[in-house]
2 protein chains.
Amino acid sequence: MKENGKIPPATVKRLPLYLQCLEQVGSTEVGISSKTLAELAKVNDAQVRRDLSYLGTLGTRGVGYDISTLRNQIQLELGLVEGWSAVIVGVGNLGSALAHYGGFKERGFGVVALFDDDPKKINKQIAGLVVKPSSELKEVCDKYSVAIGIIATPGEYAQSVADQLIECGVRSILNFAPVLLKNTPDVQIRSVDLSQELQILSYYLDRPVLKAVK
Amino acid sequence: MKENGKIPPATVKRLPLYLQCLEQVGSTEVGISSKTLAELAKVNDAQVRRDLSYLGTLGTRGVGYDISTLRNQIQLELGLVEGWSAVIVGVGNLGSALAHYGGFKERGFGVVALFDDDPKKINKQIAGLVVKPSSELKEVCDKYSVAIGIIATPGEYAQSVADQLIECGVRSILNFAPVLLKNTPDVQIRSVDLSQELQILSYYLDRPVLKAVK
DNA sequence: GAGTGTGAAAACATTCACAGCT
DNA sequence: AGCTGTGAATGTTTTCACACTC
């Protein structure tokens with residue numbers, strides 16, 4: 001109901017999930033109930049209603065939610081309609097996987113350039129983009145107003161890449177290197193550590209049935 | 001203090017982080033205080049103490065925690081000393097990245113086989129392992145008692161791969177494909193969606209300074 | 001009748017603050 | 001003096017349950 005005001009972090013984390021669910025129901029259906037959405041997202045239906053209520057009064061009592069309205073509102077709220085530009089630094093296997101990953105474009109992120117300082121990789125074409133040396137980072141960041149830097153280098157270079165990105169005015173970083181980056185005021189850093197996910201899984205491996213954590 | 005009993009999910013998620021911090025301090029130091037560890041992990045120091053207290057009484061009042069004891073206990077608690085076997089299905093860029101990812105071995109996971117049904121990839125060598133067709137999945141899972149299946153295929157194959165893995169007795173799945181897998185009783189599924197992370201980041205992009213969410 | 005939106009309750013998580021040990 | 005371990009306080013998230021709307 002609260003049109004303005006901050007959305008709780010726990011809700012922000014679920015919004016992309018709802019978006020994915022909505023995409024998966026396809027275009028056969030025009031409306032959806034909190035119950036159905038909850039089943040797809042594997043959460044409680046009251047949770048869905050509460051989460052969506054932070055985006056405004058989107059549903060119709062007795063009926064449900066209109067899928068395309070819902071999609072639009074979530075995208076709007078997450079800032080996915082702003083057309084943010086991103087760069088990927090490091091084009092080993094992981095960086096290449098990210099560069100090829102179609103999900104970015106579809107979801108409002110434009111990868112405008114790839115960087116790598118390995119001479120063997122410079123000037124190679126990956127996913128339609130030419131790999132550039134990091135010396136050209138500043139130029140590209142200025143030209144495209146790059147908002148997001150994605151780090152996919154080996155761990156040992158990650159901090160220095162982060163420093164360069166911040167230096168170039170990038171204020172949001174998604175780090176896939178398995179190191180802890182120093183944090184800087186006003187810079188958002190999210191880290192995805194592939195092996196940490198496995199380690200969490202491991203905890204729930206031996207024992208009886210326990211609820212999954214997300 | 002509670003030696004036995006379940007560890008809260010929120011704590012389980014931080015344990016791998018602490019482990020990483022402890023690795024990063026190196027072997028120069030022998031002990032560490034909750035304050036120092038908290039700074040590295042970017043959490044509150046009371047949080048660190050509370051989290052660690054679930055593993056037993058590990059610290060020494062007035063002194064701090066012994067690093068190697070701490071490491072051992074966390075690894076033990078997470079089940080990282082069990083030597084779980086894992087397989088990776090899908091060896092595109094992402095699967096290859098995962099296969100090469102050193103962090104797994106170091107952290108107690110042995111990737112015992114790679115699978116892909118693309119004829120161009122079968123029999124290729126990646127990270128010292130030969131790529132096999134999924135028809136050999138059952139044989140490998142039995143032979144090595146595979147506990148974890150890592151899915152790195154394109155989205156359209158993910159559900160069928162998951163079904164096969166479950167069929168072969170794998171009870172824990174780490175899914176990197178951007179689709180929602182049906183869940184099955186007694187099977188742990190964790191999904192890592194690379195673009196979801198970006199979308200969360202996006203929410204915090206435009207606005208003034210907001211706290212990071214992890 | 002069906003399904004939203006939301007107070008109120010319950011569950012969970014974080015942080016404070018300090019007694020107690022080294 | 002320094003730092004842990006933990007009750008108690010506070011903050012956040014989830015869930016219940018139902019008044020309200022279509």
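Naming: A, B, ... by sequence-line order, numbering from 1 per chain. Atoms considered below: every heavy atom in the structure, side chains included; atoms not considered: hydrogens, waters and symmetry mates.
- Note: CD (B:Gln47) to P (D:dT6) measures 16 Å, nearest angstrom.
- The side chain of A:Asn44 places an N or O atom within less than 4.0 Å of a non-bridging phosphate oxygen (OP1 or OP2) of D:dC16.
- The CZ-P distance, from A:Arg50 to C:dT4, rounds to 14 Å in whole Å.
- Proximity of A:Tyr65 to the phosphate of C:dG5: a side-chain N or O atom is located under 4.0 Å from OP1 or OP2.
- The two residues B:Ala158 and B:Ile151 have their closest heavy-atom pair at O-CD1, 3.9 Å.
- Here A:Ser34 lies in heavy-atom contact (under 4.0 Å) with sugar-phosphate atoms only.
- Of all heavy-atom pairs between B:Leu181 and B:Gln159, the closest is CA-OE1, 3.4 Å.
- Ion pair A:Asp51/A:Arg14 flagged as a salt bridge, since at least one NZ, NE, NH1 or NH2 atom sits closer than 4.0 Å to an Asp/Glu carboxylate oxygen.
- Atom CG of A:Leu52 is separated from atom P of C:dT4 by 9 Å (rounded to the nearest Å).
- When the C1' atom of D:dT12 is taken as reference, atom CD1 of A:Ile7 falls 16 Å away, rounded to whole Å.
- The shortest distance between the side-chain N/O atoms of A:Thr60 and the OP1/OP2 oxygens of C:dT4 is not below 4.0 Å.
- Salt-bridge annotation for A:Glu197 and B:Lys13: absent, with no side-chain N of the basic residue lying under 4.0 Å from a carboxylate O of the acidic one.
- Put simply, the side chain of A:Arg61 and the base of C:dG1 share no donor and acceptor less than 3.5 Å apart.
- We find that OH of B:Tyr54 is positioned 10 Å from P of D:dT6, with the value rounded to whole Å.
- Nearer the 5' end of DNA chain D, as judged by each residue's closest nucleotide, is the contact made by B:Arg49, out of A:Ala46 and B:Arg49.
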